[in-house]
Structures are given as structure tokens and as C-alpha cells.
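None of the values given here were measured: they were computed from a predicted structure. In this chain, residues are counted from 1 in sequence order.
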Amino acid sequence: MSDARQTIQQRVADLRAAMRRNQFDAWIIPSADPHLSEYLPDYWQGRKWASGFTGSVGTLVVTDDFAGVWVDGRYWEQAEAQLDGTGVKLMKLLSGQAQPHVDWLAANLKQGARAGADGDVLSLSSARATASTLQTSGIKLDTDKDLLSEIWSDRPTLPQAAVYEHLAPYAAVTRATKLAQVRDAMKAAGAQWHFVSTLDDLAWIFNLRGADVDYNPVFLAHALIGADKVTLFIDARKVTPELKATLAKDGVDIAAYDAATAALAALPAGSTALIDPARTTLGLINAIPTSVRLIEKLNPSQLFKSRKTGDEIAHVREAMAQDGAALCEFFSWLDSALNKEHITELDIDTRITAARARRPGFVSASFGTIAGFNQNGALPHYHATPEAHSVIKGDGLLLIDSGGQYTGGTTDITRVVPVGQITADHRRDFTIVLKGVIALSRARFPVAIRAAMIDAIARAPMWAEGVDYNHGTGHGVGYFLNVHEGPQSIGYFREAGPDTAMQQGMITSIEPGVYRPGRWGIRIENLVVNQPAPTTEFGDFLEFETLTLCPIDTRCVERSLLTQPEADWLNRYHATVRERLQPLVSGDALQWLLARTEAI
């Protein structure tokens with residue numbers, strides 16, 4: 001047995017000992033922090049530390065005789081490999097399931113049992129749903145302890161990256177204007193106070209950026225916004241005296257990061273506070289006096305930041321052009337080096353990041369590059385490691401999902417390229433996925449349609465061939481912010497609430513795929529922005545402008561499977577890519593661009 005597997009077994013044993021000391025029959029560790037982030041600082045990577053599963057999403061449940069991690073279809077094969085031999089089981093989370101780990105606890109714990117979770121990393125809405133489900137089986141949920149603090153002796157420290165301003169012209173809307181927008185929404189909701197914990201909301205509201213979370217230019221903080229005062233709770237060492245003075249001019253005071261709980265406890269009796277139950281932790285909300293009336297609504301900034309302004313979209317277009325030029329340089333090298341040089345999946349990340357780093361405005365990668373050759377491409381969120389990766393040689397398909405953070409936007413793109421000789425089956429699968437991309441890219445739809453409702457447009461050409469995939473078709477993307485952003489999300493199993501309505505200015509991915517376990521994976525991803533379509537007698541409509549600029553490899557296309565309108569779309573797209581990128585590249589990269597944008 002490997003040392004890593006023995007380590008996980010010991011950590012689970014230590015957790016069970018802590019459970020017995022504190023009289024818990026079950027313990028829940030979600031993938032979350034006090035800001036309910038998707039990507040977590042090391043300090044809050046408790047689920048990863050205790051289970052060994054490194055995916056970005058998953059929930060660990062431990063009882064006296066069971067340990068399991070619930071993960072969705074993107075991570076099944078990865079989790080199966082990482083959990084093998086640890087004693088922790090893979091529990092498959094199926095599309096449409098809400099909290100199956102809670103259902104499992106309700107079915108397997110005895111009446112009168114006591115389950116626990118750290119309320120400081122559990123959203124109010126999740127805590128309510130969990131407690132309600134368990135209560136029906138006579139099980140109590142206790143959220144007052146953090147058992148990890150008892151057993152994680154070498155727990156990492158909190159990050160200390162400096163905070164800096166996102167400045168004009170890229171910050172197209174001022175801090176004062178954004179605070180006024182939020183206050184108008186507070187007033188409309190009848191709230192005197194608004195508490196915000198989500199890191200991308202804070203970065204957007206205050207026109208600040210940081211580096212506390214890998215790939216996301218955000219910083220650890222909370223904020224309490226009142227009618228005439230704002231307090232930003234943040235480690236003061238991250239804020240220079242000059243920045244502190246600048247914030248003060250907009251009525252923003254700085255307080256210690258850990259002072260947020262006391263500030264909430266001091267809210268005036270009889271006042272009203274707006275909180276987002278899905279984006280605020282139970283631990284923080286419990287600090288608010290019962291005499292304060294809570295108004296539970298989506299954070300207003302979620303909607304505001306999702307609707308990019310015309311100036312922001314213009315900057316995103318420029319960032320996409322620079323990103324596309326970097327990709328031309330990278331792919332021209334890759335084409336020339338395949339089956340000639342020793343190339344591993346790890347080399348892809350190094351090379352593609354280096355190409356982006358040579359472009360103006362580049363800050364960092366927007367997520368860890370996914371480079372999966374052949375069977376590794378069948379793992380939607382595969383990540384090569386020094387211990388486990390493939391050499392790219394021979395024949396097959398290489399899937400590359402990567403992105404960059406630029407001061408003028410965030411990019412996220414997936415392309416698949418042939419290595420050596422590919423088969424008719426490769427081309428068939430690739431073309432079926434491409435048909436899904438084209439179908440949704442060409443769609444028009446009513447303004448304010450729920451994002452989930454347009455998912456079938458992308459899947460229909462694939463369903464017609466008996467093909468499907470276990471992930472969403474599209475996620476919102478931030479503006480020099482998180483690569484995954486809400487509230488819109490394209491996926492038929494996603495919540496289709498009013499807050500997910502498609503509006504002008506929203507940037508979303510389109511990324512259908514097909515995955516053949518043990519053989520290959522194909523995903524094609526572009527970012528698109530909602531733009532007004534012509535109004536008709538039936539109302540206002542939206543359509544997509546494709547923002548991503550990079551050729552889709554036509555060597556993988558089976559032309560006979562494309563209709564003429566589909567081929568026309570691809571040719572128009574490639575003509576645009578050539579026109580936009582040609583002035584930005586030269587030499588081998590230019591020749592590669594010209595070859596890959598030839599009409600089919």
C-alpha cells in the first residue's frame with residue numbers, strides 16, 4: 001500500500017476519533033470556505049486533505065464504519081483512481097440530485113443520531129435543507145464545531161497576497177457607481193444593511209483584485225454595506241496606506257478580517273439586513289441578532305456583474321484577440337513538435353502559459369490547464385501530475401482546456417487536436433460535438449429565458465446520434481474575475497429560477513462534449529456574449545456573439561456529417577478568426593493560422 005493511501009486512512013481514523021470524543025455519529029466536509037468559493041485556499045481544503053480526492057467539487061461523509069465522497073460525472077474516473085485503496089468510497093452524484101449525501105445519512109443513521117458539519121463553511125440554504133432532511137429521520141444536525149481544527153496539525157496558514165485596484169480604462173464603472181447600484185437594490189428590497197461574503201462580488205463592487213485563490217484574482221474579505229457607510233473586513237496587511245486612503249474617499253472603512261462576526265452581532269435592533277442564503281454561511285448569519293429582520297435575496301452584485309457593459313465587452317474582445325494570438329503561437333509549435341519531440345501533458349501547461357505570458361495584459365492562468373491525451377481526455381476535469389501523466393506520442397486525440405486572466409477579461413477555451421493518425425470514429429465524435437456547438441451558437445431566444453431552458457439546443461444534434469455528456473453545457477464567466485460565475489448556467493438539470501434569466505451582456509461558455517472511457521474525450525468550448533437580436537412582434541430576443549478566437553481543427557471534422565448551414569457557420573467563424581488574429585501573429589504562427597482557417 002502506498003504511503004499516500006496510508007496517510008488518508010490515518011486521517012479518516014483521526015477524524016473518527018474526534019467524532020467519538022465529541023459524540024458525533026457522522027461528519028460532513030463540503031468543498032467550501034467561509035466565502036462558499038468554488039476554488040479554495042489551502043487552509044480550507046479539508047475535503048481534499050481528509051479524502052485524497054483533489055477535484056474542485058465534492059462532499060465527504062464519514063461515519064464510524066463508512067467514508068465516501070459524492071462527486072458528479074466530471075470526476076467519477078478521477079475520484080475512483082484517487083480513492084482506490086484509501087477506504088474512502090466513490091459515491092456517484094447523478095444529474096438533478098440535490099444533496100444525495102444527506103439522503104444517504106437519513107437512510108443509514110439511526111434515529112437519535114447526531115451528525116455534524118462546520119457551520120462556518122456551510123451556506124444557510126444548505127444547512128436548512130440538510131437539517132430538514134435529517135430531522136424527518138430523527139437525526140440532529142450540529143454545526144457549532146470544526147473537527148478538522150482538532151486533527152489537522154500542519155494546516156496551512158491563510159494567504160497574504162496584496163490587494164490592488166482594477167483601474168480604468170479596464171474598470172469601466174467606478175466604485176462609487178457600483179456602491180450606488182447596490183444601495184438602490186437594497187432600498188428596493190427594504191434593507192438598511194447588506195452583508196457580502198462572496199469573493200468575486202467583493203472584487204467587483206470595490207474594483208479591487210488580489211491573489212489569495214489560485215487562478216482567481218480575488219482576496220479574502222467580507223463587507224457590510226449600509227446606507228451611508230461601508231466596512232471592508234480584510235487583513236490590513238494586504239492594503240497599502242495609499243489604497244486605504246483611496247477607499248476612504250468612497251466611504252469605505254477597513255476593519256480586521258475576523259471582526260465581521262462582531263459587526264454583525266452589533267447590527268441595530270429592529271433594522272433590516274439583506275443576505276443571500278446560498279452565498280452566506282450559517283456561522284456568520286447566526287451572529288446576527290434575532291431582532292434584526294433578514295431579507296433573503298440573491299446578492300444584487302451577482303446580477304450586476306454578470307451583465308457586462310459595452311466598454312467591458314470591448315476590452316474582452318481585445319483580450320480574446322491576444323489570447324487567440326498566444327494560442328496560434330502555441331499550436332503552431334505543437335503541430336511541428338508532435339511525434340518529433342518528447343512532449344508530455346505537463347509540457348502543454350508550461351508552453352501554453354508561456355505563450356499567454358508574452359501577451360499584453362496577461363496576469364495569470366484562469367484555471368489549471370487540462371491536457372488529456374487519448375483515455376485521459378475522457379476525464380472531463382483531468383489534471384496531469386508529475387506522478388501521473390502521459391507522453392503525447394503515437395496516434396489519437398489531445399484535448400486541451402485552458403484559459404487566461406487578463407486585465408481586460410477572462411478567457412476559457414477547449415480545443416481538440418489530432419496526433420498522428422486518427423480514425424473515422426474520432427472524426428464522427430468530433431463532428432457530433434461540433435454540431436452541438438454550432439446549434440447553440442446560432443440560436444436566438446427570448447430575452448429573460450431561463451438559461452437552463454436552452455441547454456437542449458446544444459444537446460439535440462448529439463441526442464439524435466445517441467450521445468450525451470454528464471456536465472453542463474455552459475457557465476457564466478467573469479470580467480477579470482472567476483472563470484465560473486453565476487447566476488446563469490446552461491444545463492437542463494440546473495435550477496431554472498428567475499435569477500438565471502438570460503440578459504444582454506452576460507458572457508457564457510458553450511462546451512458540449514463526448515467521453516469514451518478508456519479511449520478518448522472530445523470537448524469544444526467557446527465563450528459567447530448575449531447581444532440583442534432584432535425585435536419582432538413577439539417581443540425582444542437575444543443572440544450570441546462568439547468571443548473566443550481560435551481555429552477549430554478541421555482535420556478532425558467529418559464534412560459529410562455537417563449540413564451546409566453548419567459548414568457556413570464554421571467558415572464564417574474561421575474567416576473572423578483569421579481577420580482578427582492575422583495582424584497579431586507572424587512567422588510560423590501566422591502560417592499555422594492561415595492553414596487552420598481555410599474554408600471547408
Side-chain angles (χ1 to χ4, degrees), residues 5-34 36 40 43-53 58-71 83 86-91 93 98-156 258 261 264-265 277 280-290:
R5 287 172 171 79
Q6 287 180 325
T7 298
I8 296 304
Q9 289 183 358
Q10 184 59 54
R11 289 172 181 173
V12 172
D14 291 343
L15 178 56
R16 285 180 172 136
M19 290 163 54
R20 287 191 292 270
R21 287 194 301 272
N22 292 275
Q23 298 181 321
F24 284 106
D25 299 290
W27 192 258
I28 304 168
I29 304 179
S31 301
D33 63 8
L36 302 171
L40 311 176
Y43 182 86
W44 285 296
Q45 291 277 11
R47 186 263 303 148
K48 173 183 174 181
W49 177 84
S51 72
F53 169 60
T59 302
L60 171 65
V61 170
V62 176
T63 68
D64 186 55
D65 58 359
F66 168 85
V69 176
W70 275 259
V71 297
L83 298 177
T86 65
V88 181
K89 295 182 179 180
L90 163 63
M91 306 297 288
L93 173 61
Q99 290 187 305
H101 64 283
V102 182
D103 296 332
W104 185 92
L105 286 169
N108 287 274
L109 292 183
K110 295 179 180 179
Q111 188 170 2
R114 185 165 172 253
D118 179 6
D120 287 339
V121 297
L122 201 63
S123 73
L124 174 61
S125 57
S126 178
R128 284 173 174 166
T130 301
S132 176
T133 299
L134 294 180
Q135 187 177 23
T136 60
S137 296
I139 302 165
K140 180 183 178 183
L141 176 67
D142 191 310
T143 59
D144 292 335
K145 287 186 176 292
D146 173 16
L147 292 191
L148 286 179
S149 63
E150 296 186 18
I151 62 173
W152 195 352
S153 59
D154 58 347
R155 193 169 188 169
D258 58 7
T261 301
L264 290 173
T280 314
T281 65
L282 176 68
L284 286 164
I285 292 173
N286 279 346
I288 301 175
T290 56

> Would you please name every residue forming a ring pair (Phe, Tyr, Trp, His ring centres under 6.0 Å) with W44, sequence neighbours left out?
none
> Compare all side-chain heavy atoms of I139 with those of Q135 and state whether any distance is below 4.5 angstrom.
no
> Evaluate side-chain contact (heavy atoms from CB on, under 4.5 Å) for K48 paired with F53, printing each intermediate quantity in order.
CA-CA 5 Å; K48 173 183 174 181; F53 169 60; over 6 Å; no
> May I have the step-by-step check of side-chain contact (heavy atoms from CB on, under 4.5 Å) for L284 and T261, ending in yes or no?
CA-CA 6 Å; L284 286 164; T261 301; 3.7 Å; yes
> Considering only NZ, NE, NH1 and NH2 on the basic side and carboxylate oxygens on the acidic side, decide whether E150 and K145 come within less than 4.0 Å.
no
> Side-chain contact, heavy-atom cut-off 4.5 Å: L124 with T280?
no
> The test is side-chain hydrogen bond (donor to acceptor under 3.5 Å, both in side chains); show your working for Q99 and T133 and say whether it passes.
CA-CA 9 Å; Q99 290 187 305; T133 299; 5.4 Å; no
> Checking R16 side chain against V62 main chain: does a donor-acceptor pair fall under 3.5 Å?
no
> Give me the atom names and distance for the closest heavy-atom approach of V88 to L83.
O-CB, 3.3 Å
> I would like to know whether I28 and L60 meet side-chain contact (heavy atoms from CB on, under 4.5 Å); could you show each step before the answer?
CA-CA 6 Å; I28 304 168; L60 171 65; over 6 Å; no
> Side chain of Q45, backbone of L40: donor and acceptor closer than 3.5 Å?
yes
> Does the side chain of W49 come within less than 4.5 Å of R11's, by heavy atoms?
yes
> Does any non-hydrogen side-chain atom of T281 lie less than 4.5 Å from one of V121?
no
> Sorted by first residue and then second, give each salt bridge (charged side-chain N to carboxylate O under 4.0 Å, His left out) pair with at least one member in residues 99-116; sequence neighbours left out.
R114-D142
> If you take all heavy atoms of A115 and L109, which pair is closest and at what distance?
CB-CD1, 4.4 Å
> For residues V61 and L105, determine if any side-chain heavy atom of one lies less than 4.5 Å from a side-chain heavy atom of the other.
yes
> Going by side-chain hydrogen bond (donor to acceptor under 3.5 Å, both in side chains), name the residues that satisfy it together with T63, two or more places apart in sequence or in a different chain.
D65
> Using side-chain heavy atoms (C-beta onward) and a distance below 4.5 Å, is V102 in contact with L134?
yes
> For I8 and A50, which heavy atoms make the closest approach, and how far apart are they?
CG2-O, 3.6 Å
> Could you check whether any side-chain heavy atom of F66 comes within less than 4.5 Å of a side-chain heavy atom of N108, counting everything from C-beta outward?
no
> Within the distance-only criterion (no hydrogens, no angle test), does the side chain of S125 pair as donor or acceptor with the backbone N or O of P277 below 3.5 angstrom?
yes
> Is D25 paired with R20 through a side-chain N to carboxylate O contact shorter than 4.0 Å?
no
> Can you find a heavy atom in the side chain of L264 that is under 4.5 Å from one in the side chain of I285?
no
> With distance as the sole criterion, is a donor-acceptor pair present between the side chains of R47 and S31 under 3.5 Å?
yes
> First locate atom CG of L147, then atom CD1 of I29, and finally report the distance between them rounded to the nearest 0.5 Å.
8.0 Å
> Would you name the heavy atoms of P156 and W152 that are closest together and state the gap between them?
CD-CZ2, 3.6 Å
